[in-house]
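One-based numbering, in listed order, for ligands and for the atoms of each.
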Amino acid sequence: MTTTAENTEEKRSLNFIEEAIEADIEAGKVKNSPTQVVHTRFPPEPNGYLHIGHAKAICMDFGAARKYGGKCNLRFDDTNPSKEDTEYVDAIKEDIHWLGFDWEDRMYYASDYFQQLWDLAEEMIRRGLAYVDELSSEEIAAQKGTPTTPGQESPYRNRPAEESLDLFRRMNKGEFPEGTKTLRAKIDMANPNMHFRDPIMYRIIDHPHHKTGTKWHAYPMYDFAHGQSDFFEGITHSICTLEFEVHRPLYNYFAKVLADIKGTTYVPRQIEFNRLNLTYTMMSKRKLLACVKEGLVRGWDDPRMPTLCGLRRRGYTADSIHSFIDTIGYTKYDGMISIKLLEHAVREDLNKHALRVMGVVDPVKLTITNYPEGQVEWVEMENNPEDAESGTHKMPFSKELYIEREDFQEVAEKKFFRLTIDKEVRLKSAYIIKCTGVVKDENGTITEILCTYDPETKSGMPGADRKVKGTLHWVSRKEAVPVEVRLYDNLFTVEDPSNDERDFRELLNPQSEVVLPCAYLEPWAAEQARKRVGASSTSTANRYYQFQRIGYFCVDYDTTEDHIVFNRTVLLRDSK
Ligand code: ATP
Ligand code: MG
């Protein structure tokens, strides 16, 4: 039994959409619907890959259905015949599954309803609620009026229903060129809501449709198709983004017309929430497509893209995306969300799951002059201190190592607590070393750092607890495996590339991908990474790593037995 306190707690955490749904359940509206359960739909247009904004919609649509024991349909909005592609359909399905949702046997296309929509349009003509107009789109626009001045009625508005019916059918036979005729709803040319001023329901498009071929020449507009498809599927809550708020009265009008024709009281309800906008990226599918087509990125799944497949390739987990979306919530106000919130979410999740390993991304050789030639010691490392079950692995230590070039300064700046001449640091999980000198090439670049070690300072030895300021990561030179590392950063240099006067191509961050062809990784980690060869993009086994002191990395799909590639997902902490 739940206590009152828990109940209040739960009430407080409901968002406004859940509140609306609960009110509709309470009022019996859900019981009055065709499936009698909360029934939502996710309606992507298959003209691009899904991005993190779509994930927000998916979590709401599928999430609400899950929460209230209802159903969520997947409906491809393919009402515009000229733009769709089956590559997108497959990718969209994969991404929804990756987020942990399923539409069961309810995958539909808006084009499945073309006949039903057509029949409904004919019935509206017969009832005097629609007419075929012969004005051009320019003339229609010119007669629309303004929000404060009424529009003018089309001269074709009051033509007999039989004439409209005949013309409507001939529109669909391909008898008239595009743009010469439309079907318009006969509502009110003086309505203060411009969407009521005889909106267009059908237009002629002479382009074969990827599913229906050349059967249709007249295609329904979004406003007519979407709400009616909701009706046909028995949707109770049609949740969408804020730009559709102004269309809602028309949505309700068409729903009522259909309910009257069908003689029911059930109607779907549209509810709008704020679209997700993230800093340093953009969500426009058109512009993302341009990035792909122009080769500005590696493809739709480039680790810098805000697409779900791109985020996945970058090393984002589905759980981290869910937790990010929970954090930002759903509101009625558009705004910009900091990408740092998304980065924080992935850091928190990877902290729980990533294997701790040592990798040196920008190596410089370090020789321990007093360490025995040819000796190898195996030091033990925890796989993940956050996960007691994860165990340990062993890593070789020897006379010649690599450390990170930036961890050494010949002349140390103030507050530089890493390695410098005559100073000591600890090599993580191994000994304390002291720098005695450097070797340089003819250009003055350091090629080798010379050190001595204190044999008493290893774990288990008397000097194990001796304190020094810095601790460095390292790998043993002979056993380390060379790997390619790709460092990723924001794709754009400005916070809001979509609202900049400059073209987005001028705003690309030239440092968004930095490829380091020869980083070094401890051998155990390389062995784990090789297990990924041939794995699917959505499998998570052996995928996530923390390179100690550097950041979270994941094995890229380009990895082969002989060539391991890692992507940097995110730095260990927010550095900017
Ligand atoms: P288009 O311009 O191609 O219509 P779209 O972003 O609206 O682009 P759809 O495929 O039509 O793409 O979107 C499917 C669903 O995802 C819609 O319900 C839409 O409201 C929602 N959606 C799209 N972008 C975002 C976003 N940035 N934040 C939240 N929801 C979004
Ligand atoms: Mg859309």
Side-chain angles (χ1 to χ4, degrees), residues 15-17 40-65 72-85 87-93 95-96 99 101 103 107-111 221-223 225-227 229-230 233 235 237-248 251 268-292 300 305-311 321-322 324-339 341-342 496-499:
N15 62 48
F16 75 97
I17 300 172
T40 57
R41 86 289 167 264
F42 173 64
E45 197 176 336
N47 61 350
Y49 280 61
L50 296 182
H51 53 57
I52 181 88
H54 292 114
K56 178 173 175 176
I58 290 169
C59 288
M60 173 47 75
D61 296 329
F62 284 94
C72 180
N73 299 356
L74 172 59
R75 185 198 311 147
F76 289 104
D77 170 9
D78 59 350
T79 42
N80 186 341
S82 42
K83 287 196 299 187
E84 284 91 25
D85 197 319
E87 173 197 345
Y88 300 134
V89 168
D90 294 338
I92 288 170
K93 285 157 66 180
D95 287 342
I96 298 172
L99 288 176
F101 295 115
W103 49 91
M107 182 179 108
Y108 305 115
Y109 287 86
S111 58
M221 300 292 287
Y222 177 90
D223 277 327
H226 193 82
S229 304
D230 285 343
E233 290 179 13
I235 299 303
H237 297 90
S238 181
I239 307 165
C240 59
T241 35
L242 279 178
E243 71 272 23
F244 294 105
E245 193 167 20
V246 287
H247 297 245
R248 194 190 331 135
Y251 180 100
R269 172 177 180 186
Q270 177 180 303
I271 305 175
E272 314 83 16
F273 66 83
N274 63 328
R275 185 171 265 277
L276 170 62
N277 300 304
L278 260 191
T279 56
Y280 298 102
T281 188
M282 57 186 191
M283 303 285 178
S284 155
K285 282 193 275 189
R286 187 177 54 78
K287 290 183 188 167
L288 294 175
L289 175 65
C291 287
V292 174
W300 280 103
M305 293 279 272
T307 50
L308 293 178
C309 54
L311 289 165
I321 289 174
H322 281 282
F324 165 70
I325 286 169
D326 278 350
T327 307
I328 61 171
Y330 296 84
T331 73
K332 276 280 186 188
Y333 313 97
D334 270 326
M336 199 53 140
I337 299 286
S338 168
I339 196 151
L341 280 177
L342 180 61
D496 190 359
S498 308
N499 268 324

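Contact annotation: for Asn47 versus ligand 1, heavy atoms closer than 4.0 Å belong to the side chain alone.
Ligand 1 has an N or O atom lying under 3.5 Å from an N or O atom of Leu276, backbone or side chain. Considering backbone and side-chain atoms together, Asn274 places no N or O closer than 3.5 Å to any N or O of ligand 1. Considering backbone and side-chain atoms together, Phe244 places no N or O closer than 3.5 Å to any N or O of ligand 1.
For the residue pair Asp61 and Thr40, no side-chain donor N or O sits within less than 3.5 Å of a side-chain acceptor on the partner.
When Lys285, Glu45, Lys56, Arg275 are ranked by how near their heavy atoms come to atom 24 (N) of ligand 1, first place goes to Arg275. Nearest-residue assignment for atom 16 (O) of ligand 1 (options His226, His54, His51; heavy-atom criterion): His54.
Per-residue contacts place Phe42 under 4.0 angstrom from the following atoms of ligand 1 (heavy atoms of the residue considered): 15 (C), 16 (O). Contact atoms of ligand 1 toward Gly53: 25 (C), 26 (C), 27 (N), 28 (N), 29 (C), 30 (N), 31 (C) (distance under 4.0 Å to a heavy atom of the residue). Residue Ala57 approaches ligand 1 through these ligand atoms, each under 4.0 Å from one of its heavy atoms: 16 (O), 21 (C), 30 (N). Every atom of ligand 1 with a heavy atom of Thr241 under 4.0 Å away is listed here by number and element: 19 (C), 20 (O), 29 (C), 30 (N), 31 (C).
Scanning all heavy atoms of the two residues, the minimum distance from Ser238 to Asp230 falls at OG-OD2, 2.6 Å.
Between Tyr330 and Phe273, the angle of the ring planes goes over 60°, which puts this pair in the perpendicular group of the 30/60° scheme. The aromatic rings of Trp300 and Tyr49 lie parallel to each other, with less than 30° between the two planes, well short of the 60° mark.
We find the OH-CH2 distance between Tyr108 and Trp103 to be 13.0 Å, quoted to the nearest 0.5 Å.
Contact check for Asn274 versus Lys56: side-chain heavy atoms found under the 4.5 Å cut-off. Between Phe16 and Ile271 there is a side-chain heavy-atom pair separated by less than 4.5 Å.
Using a cutoff of 4.0 Å between basic side-chain nitrogens and carboxylate oxygens, Arg75 and Glu233 are scored as salt-bridged.
Ligand 1 lies nowhere less than 4.0 angstrom from a heavy atom belonging to Asp77.
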